[in-house]
Amino acid sequence: MSKIVDARGLSCPQPVLMTLDAIKSGTDRKLEVIVDNMASRENVVRAAESKGWKISDIKDNADNTHIFIRKE
C-alpha cells in the first residue's frame, strides 16, 4: 500500500514540500499525492522526477488529481 499525501486546498509550495518530506522519510517506495490545482500538479510531478521518482499514473477528475509516484 502506498502512503497518501493529501495536499488539497493548499497552494504551492506546500504540496511540493509535503511530497518531498514524504520522499525524504524513506519509509515508502510508493506515494499517492492528491492536489486540487494544475500548478500543484505540475510542480509535484517535476519535484518527484527531480528526486529520481517515476510517475506511474495520474488520474484527473472534476475536483482533484491523484498523482501516483514510485521509487524504482
Side-chain angles (χ1 to χ4, degrees):
M1 184 164 183
S2 61
K3 178 177 183 173
I4 297 174
V5 176
D6 189 347
R8 290 176 285 189
L10 302 174
S11 58
C12 279
Q14 283 306 112
V16 171
L17 295 174
M18 291 171 68
T19 301
L20 292 176
D21 284 345
I23 287 172
K24 288 177 190 173
S25 75
T27 58
D28 298 285
R29 296 187 64 80
K30 293 181 181 179
L31 297 174
E32 176 182 351
V33 183
I34 308 170
V35 296
D36 60 3
N37 64 73
M38 189 58 70
S40 293
R41 178 189 191 271
E42 293 171 3
N43 291 335
V44 165
V45 167
R46 191 171 24 254
E49 290 176 335
S50 77
K51 295 298 181 185
W53 287 59
K54 303 293 180 194
I55 307 305
S56 59
D57 197 9
I58 297 177
K59 295 185 179 180
D60 293 305
N61 62 41
D63 298 325
N64 50 52
T65 299
H66 295 254
I67 305 164
F68 299 88
I69 61 176
R70 60 183 163 77
K71 181 69 174 175
E72 292 187 334

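Scope of the values below: all heavy atoms of this structure, side chains included, with no hydrogens, waters or symmetry mates. Predicted model only: the values in this text are computed from it and were never measured.
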Do the non-hydrogen side-chain atoms of V5 and V44 ever get within less than 4.5 Å of each other?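 When only atoms from C-beta onward are counted, V44 and V5 do not touch, as no gap falls below 4.5 Å.
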Compare all side-chain heavy atoms of T19 with those of K51 and state whether any distance is below 4.5 angstrom.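 No, every pair of side-chain atoms sits at 4.5 Å or beyond.
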Looking only at non-hydrogen atoms, find the nearest pair between [X] and [Y] and report the distance.
| X | Y | answer |
| --- | --- | --- |
| D63 | N61 | N-OD1, 3.0 Å |
| A48 | I55 | CB-CD1, 4.3 Å |
| A7 | V35 | CB-CG1, 4.2 Å |
| R41 | I58 | NH2-CG2, 3.2 Å |
| P15 | S11 | CD-O, 3.2 Å |

About how many Å separate [atom2] of [Y] and [atom1] of [X], when rounded to the nearest 0.5 Å?
| X | Y | atom1 | atom2 | answer |
| --- | --- | --- | --- | --- |
| E32 | D57 | CD | CG | 10.0 Å |
| M38 | D60 | CE | CG | 6.0 Å |
| K59 | T65 | NZ | OG1 | 12.5 Å |
| I34 | S40 | CD1 | OG | 13.0 Å |

R8 (side chain) donor-acceptor with D36 (main chain) under 3.5 angstrom: no
Do F68 and I23 belong to the same hydrophobic cluster, where Ile, Leu, Val, Met, Phe, Trp and Tyr are linked whenever their side-chain heavy atoms lie under 4.5 Å apart, directly or via other members?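 F68 does not cluster with I23.
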Linking I/L/V/M/F/W/Y whenever any side-chain heavy atoms sit under 4.5 Å apart, do L20 and W53 land together?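 Per the 4.5 Å side-chain linkage, L20 and W53 are co-clustered.
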One thing to verify: whether D28 and K30 come together as a salt bridge, which I'm taking to mean a side-chain N less than 4.0 angstrom from a carboxylate O. no
